[in-house]
Amino acid sequence: MEDTKIPEEEKAARSLNFIEEIIEEDIRTGVNDGRVHTRFPPEPNGYLHIGHAKSICLNFGLGKKYNGKTNLRFDDTNPVKEDVEYVDSIMEDVRWLGFDWEERLFYASDYFEQLYGYALILIRKEKAYVCDMTAEEIGETRGTPTRPGKESIYRSRTVDENLDLFSRMRAGEFPDGSRVLRAKIDMGSPNMHMRDPVLYRILHAHHHRTGDQWCIYPMYDFAHGQSDSIERITHSICTLEFEVHRPLYDWFIREIGIYVPRQIEFARLNVTYTVMSKRKLLELVRDGNVSGWDDPRMPTICGLRRRGFTPESIRNFAETIGVAKRDNVIDVSLLEFCVREDLNKRANRLMAVMNPMKVIIDNYPEDLVEEMECVNNPEDELKGKRKMPFSKTLFIERDDFMEDPPNKFFRLAPGREVRLKAAYIIRCERAVKDPGTGEITEIHCTYDPQTRSGMPESNRKVKGTLHWVSEKHAIKAEIRLYDRLFTKENPDDNEEGKTYKDYLNPDSLKVITAWIEPAVLSAVIEPAVKTAGYTTSGSSAAGIFDKYQFERTGYFSVDKDSTPEKLVFNRVVPLKDSWSKVEKVK
RNA sequence: UGACCCAUGGUGUAACGGCAGCACUAGUGAUUUUGGUUCACUUAGCCCAGGUUCGAAUCCUGGUGGGUCAACCA
C-alpha cells in the first residue's frame with residue numbers, strides 16, 4: 001500500500017501551474033543562470049484588493065519557492081492619480097499578508113533619468129519622434145482594430161529636430177498636451193499598441209516623489225518593461241489584459257538593447273457577489289455605500305483584515321484557486337471555507353447570545369453562582385480552560401426555543417430536555433407570555449443537579465446542546481453582522497439599464513447587541529481596550545483584530561471601534577449551519 | 001467583422017499520447033457536551049466536427065462559444 005501511495009504523492013507535488021512550468025523549464029535550460037526574480041508592481045492610486053492578493057502571493061510565492069527574490073515596485077508614472085496615502089497602505093497590506101521585499105523597495109520614478117536616456121537611444125535610431133498632433137488627432141489617426149491607422153505628418157522629422165524638441169519638452173518650454181514623444185513602429189499593425197504608441201507626455205504636475213523635477217512623464221508601456229529590465233526581473237508576471245502589450249514590451253527591450261525579462265500573463269481573480277474594479281470600489285466608498293476602503297464588506301485587503309480574515313486564510317485561498325489563463329469566477333464560499341478552516345483551529349470559543357430569551361431555573365438556589373469550566377478550543381488542548389458563571393437566571397437564543405416544534409428540532413420546547421453546554425441538563429416546564437402581545441417573555445425550567453458537566457449523570461443522552469450566559473454576569477457588546485455586499489452572483493452582469501449598484505444587498509450589515517460571557521472582558525478588554533492607541537495595522541494593538549468563535553454562531557473579530565465602554569465585534573463568517581437548511585426545506 | 005488569448009463536473013484546478021483526479025459547493029450517513037469540527041459515501045465533467053495514432057482531454061485542421069485590444073491611464 002505504501003509503495004503505491006508514494007508515487008501518487010510525488011505526482012501531486014509535481015503538479016505545477018503553467019508559470020511554474022515555464023520557470024522550471026528556464027531553470028533546466030539555464031536561462032538567466034537559473035536565477036528567479038519577480039516583482040509586484042502596483043500603481044499607488046488606490047487600495048489593494050483580494051485580486052492583488054492573488055498576484056502578491058503568486059509573485060512572492062514564486063520568489064520563495066525558487067530561492068529567488070521579489071521586489072516591490074511602485075509603478076508611479078502618472079503623478080495626477082497617485083499619492084503617498086496609497087503607497088503607505090499598499091506596503092502595509094503586503095507586509096500584513098506576510099511578505100517581505102527586504103531592501104528591494106523601488107519606484108518606476110527612480111528610473112526617470114534612465115528612461116529618458118532610453119528615449120534618446122530610440123530617437124537616434126530613428127525609432128521615435130516628437131509628434132505635435134493633439135490627443136484627438138492621434139486618436140483619430142490611430143484607426144480601429146479592423147482598420148489601419150494613418151502615419152503622423154511629424155513622423156519624418158530629423159533626428160536632430162527630434163532631439164531638440166524632446167529636450168525642450170523636458171525643459172518645460174511647451175504646455176501640457178502640446179506634444180508627445182512617439183515610437184515609430186507600424187501604423188498598419190493589427191495590434192493597436194504597435195501603432196506608434198505614445199512614450200512621453202507633457203504633464204506639469206507635482207509628483208509624490210520627484211516633486212517638480214519633471215514635466216514629462218513616461219507612459220506605462222515605456223516604463224514597465226524597462227523597469228523590469230533595470231531590476232533584472234526574470235519573470236514579469238501580469239494579468240491577461242497586458243497580453244496584447246507584450247509585443248511592444250519586447251520591442252522596447254530589443255530596440256534599446258538591454259537585459260531581457262520575460263512577461264507572462266495570467267487570468268485575474270473574480271469572486272462571486274462582489275466587484276473588483278478600482279473604479280467601482282472607489283465609487284462605493286465615495287457614494288457612501290460602504291463606510292470606507294476598510295469597510296468589512298469590501299473585497300479590499302484592509303476590508304478583509306478588518307472583517308477578521310487572517311493572512312494565512314488569504315494565502316491559502318490564493319494557493320487553492322490556482323493560476324491559469326482562462327477567465328474564472330471563484331465562489332465566495334471558498335474564501336469563507338478558507339477562513340473557517342483557519343479560525344476553527346486558532347480561535348478560542350466564547351458563549352454569546354445574540355437574541356436573548358430569559359430562562360429561569362426554578363429549582364436553582366436564588367443567590368448561588370457556580371463556576372463552570374469550559375474548554376477554550378476543542379481543536380487545541382494547549383489553549384486551556386476558563387470559568388463561566390452559572391446562576392438562576394440565564395439567557396439563551398430565542399431561536400433555541402419553540403413552543404410547538406417540528407420533529408427535527410433538537411432544542412428546547414415544553415417538556416423537553418436539553419443540555420446547557422458545560423453546565424447542566426435542564427427541562428422546560430412552561431413558557432410565560434405577554435398577555436397583550438402573546439410574545440414569550442421568559443421560560444421556566446428545572447435543572448438536574450446530577451448532570452453537571454463532568455458528573456457521571458451528565459453523560460445522559462440529550463438531543464441538543466445550547467449555549468447560554470448568566471444574565472447578571474453577561475457583558476453587552478455591539479455586534480456587526482455582515483453579509484455579502486451584493487445580491488447577485490455577478491453584479492457586473494446587469495440587465496436592461498441597471499448597474500451593479502442596483503444589486504447592492506440592503507441587508508449586508510445588521511447591527512445588534514449581544515450578551516457575552518464575562519470571560520470576554522479579560523480576553524478582550526484587558527489587552528485591547530486598555531492598550532493605548534488603536535491602529536489598523538493589525539500588529540501593534542493587541543486585542544483589536546482578535547478572533548473568537550462564538551459557540552454555535554460564527555467567528556467574530558474585535559473591531560477597531562471598540563472602546564473601554566463598548567466592545568464592537570465584526571462577524572467574520574457564520575458557522576456552517578445544517579439546521580437552517582433543514583428549516584428551509586419545509 | 002482585424003489581431004491575440006482561452007475552452008475539463010455547479011465553481012476552481014490537475015493530467016505532459018496510456019483507467020479523467022483533487023478542492024469548494026450540494027446531498028446522504030457516522031461520530032460529536034457547538035445542528036461546528038472530523039470521517040465515510042453519493043450526484044456531477046473532457047465545447048462541437050473531422051483528422052493523425054494501436055490508443056487523444058492532450059497533437060493537427062475547421063467550426064462554435066467566451067475574453068482582450070481603438071487614454072497623452074496602469
Side-chain angles (χ1 to χ4, degrees), chain A residues 8 11-12 15-17 21 41-43 45 75-78 80-82 131 133-135 138-140 142-149 176-182 189-195 197-203 216-217 219-221 223-224 238-247 265 267 272 278 320-338 340-341 344-345 349 351 374-375 378-379 408-411 419-423 425 453-454 458-459 462-467 489 549-554 574-582:
Chain A
E8 204 57 42
K11 212 174 161 188
S15 169
L16 307 172
N17 65 50
E21 277 180 9
E43 183 190 14
N45 70 341
D75 225 329
D76 56 351
T77 57
N78 185 6
V80 303
K81 286 191 176 171
E82 295 150 9
C131 181
M133 291 199 295
T134 64
I138 289 178
E140 284 159 13
R142 196 179 342 255
T144 69
T146 53
R147 237 184 269 273
D176 287 4
S178 58
R179 288 187 162 86
V180 292
L181 184 72
R182 289 228 254 170
S189 170
N191 184 337
M192 299 288 290
H193 297 277
M194 299 302 272
R195 321 240 263 228
V198 173
L199 271 41
Y200 272 91
R201 75 282 214 189
I202 301 172
L203 236 41
I216 55 171
Y217 291 92
M219 298 289 290
Y220 164 84
D221 285 306
H224 200 98
C238 61
T239 45
L240 242 35
E241 66 269 27
F242 292 99
E243 204 155 29
V244 279
H245 293 243
R246 179 153 32 95
E265 311 85 12
T272 55
K278 275 187 187 176
T320 308
I321 60 178
V323 181
K325 292 191 77 161
R326 71 185 94 132
D327 294 327
N328 62 86
V329 187
I330 307 290
D331 202 321
V332 70
S333 64
L334 180 62
L335 223 203
E336 292 170 349
F337 167 81
C338 289
R340 280 195 196 104
E341 183 188 42
N344 177 49
K345 39 178 215 252
R349 315 281 116 134
M351 294 202 213
C374 305
V375 172
E379 308 292 317
K408 297 272 234 168
F409 190 78
F410 300 155
R411 309 173 186 181
R419 183 192 309 280
L420 293 180
K421 177 142 182 154
I425 294 175
S453 274
S458 74
N459 291 329
V462 283
K463 276 283 188 66
T465 301
L466 308 186
H467 62 279
E489 216 173 84
Q549 183 197 105
F550 291 166
E551 208 117 9
R552 301 210 302 137
T553 308
L575 248 33
K576 276 217 244 169
D577 180 6
S578 44
W579 165 242
S580 69
K581 285 171 192 164
V582 173

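If you're wondering where the values come from, they're calculated on a predicted model, not measured in any experiment.
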With A:M219 as reference, evaluate A:V180, A:L181, A:L199, A:V198 under the side chain to side chain contact (heavy atoms under 4.5 Å, CB included) test and give the passing residue.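 Of the listed residues A:V180, A:L181, A:L199, A:V198, the side chain to side chain contact (heavy atoms under 4.5 Å, CB included) partner of A:M219 is A:V198.
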To the nearest Å, give me how far apart [atom1] ([X]) and [atom2] ([N]) are.
| X | N | atom1 | atom2 | value |
| --- | --- | --- | --- | --- |
| A:D327 | B:rC6 | CG | C1' | 7 Å |
| A:E379 | B:rU34 | CD | P | 11 Å |
| A:N328 | B:rA14 | CG | C1' | 15 Å |
| A:N191 | B:rC5 | CG | C1' | 12 Å |
| A:E241 | B:rA71 | CD | C1' | 15 Å |
| A:E265 | B:rC5 | CD | C1' | 9 Å |

Where does the angle between the aromatic ring planes of A:H193 and A:H245 fall among parallel (under 30°), tilted (30 to 60°) and perpendicular (over 60°)? tilted
Can you check side chain to side chain donor-acceptor pair (under 3.5 Å) on A:D331 and A:S333, steps first, answer last? CA-CA 5 Å; A:D331 202 321; A:S333 64; 3.1 Å; yes
Any [X] side-chain nitrogen or oxygen under 4.0 Å from OP1 or OP2 of [N]:
| X | N | value |
| --- | --- | --- |
| A:S15 | B:rC22 | no |
| A:R142 | B:rC72 | yes |
| A:R201 | B:rC73 | yes |
| A:R326 | B:rU13 | yes |

Side chain of [X] (C-beta onward), nearest among [options]:
| X | options | answer |
| --- | --- | --- |
| A:M192 | B:rC69, B:rA74, B:rU34 | B:rC69 |
| A:A135 | B:rC72, B:rA70, B:rU13 | B:rC72 |
| A:N78 | B:rG2, B:rA74, B:rU34 | B:rA74 |

Looking at the base of [N], is there any donor atom on it, or on the side chain of [X], that sits under 3.5 Å from an acceptor on the other one?
| X | N | answer |
| --- | --- | --- |
| A:S453 | B:rU33 | yes |
| A:H193 | B:rA3 | no |
| A:R411 | B:rG35 | yes |

Base, sugar-phosphate or nothing for [X]? Non-hydrogen atoms, less than 4.0 Å.
| X | answer |
| --- | --- |
| A:V375 | nothing |
| A:P247 | nothing |
| A:I330 | sugar-phosphate |
| A:A422 | base |
| A:M351 | nothing |
| A:S189 | nothing |
| A:N17 | sugar-phosphate |
| A:Q549 | base |
| A:V329 | sugar-phosphate |
| A:M194 | nothing |
| A:E243 | sugar-phosphate |
| A:H467 | nothing |
| A:V180 | base |
| A:F409 | base |

What pattern of brackets, bars and dots sums up RNA chain B from 5' to 3', given Watson-Crick or G-U wobble pairs under 3.5 Å, [ ] for crossing pairs and | for another strand? .((((((..((((....[..)))).(((((.......)))))....(((((..]....))))))))))).....
Is there a donor-acceptor contact under 3.5 Å from the side chain of A:T465 to the main chain of A:R419?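 Pair absent, no side-chain N/O of A:T465 close to backbone of A:R419.
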Quick check on B:rA44: syn or anti? Syn means the glycosidic torsion is within 90 degrees of zero. anti
For a quick test of reading the model, state the closest non-hydrogen atom pair linking [X] to [Y] and the distance between them.
| X | Y | result |
| --- | --- | --- |
| A:P145 | A:R195 | N-NH2, 4.3 Å |
| A:E341 | A:K345 | O-CG, 3.5 Å |
| A:N191 | A:P247 | ND2-CG, 3.6 Å |
| A:E82 | A:D75 | OE2-O, 3.5 Å |
| A:K408 | A:W579 | O-CZ3, 3.7 Å |

Indicate whether A:W579 forms a stack on B:rG35; treat it as stacked only if centroid distance is below 5.5 angstrom and interplanar angle below 30 degrees.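 Stacking is present between B:rG35 and A:W579, given that their ring centres fall under 5.5 Å apart and the planes under 30°.
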Table of protein N/O atoms under 3.5 Å from nucleotides 24-29 of chain B N/O atoms:
{"from": "B:rA26", "atom 1": "OP1", "to": "A:K581", "atom 2": "NZ", "distance (Å)": "3.4"}

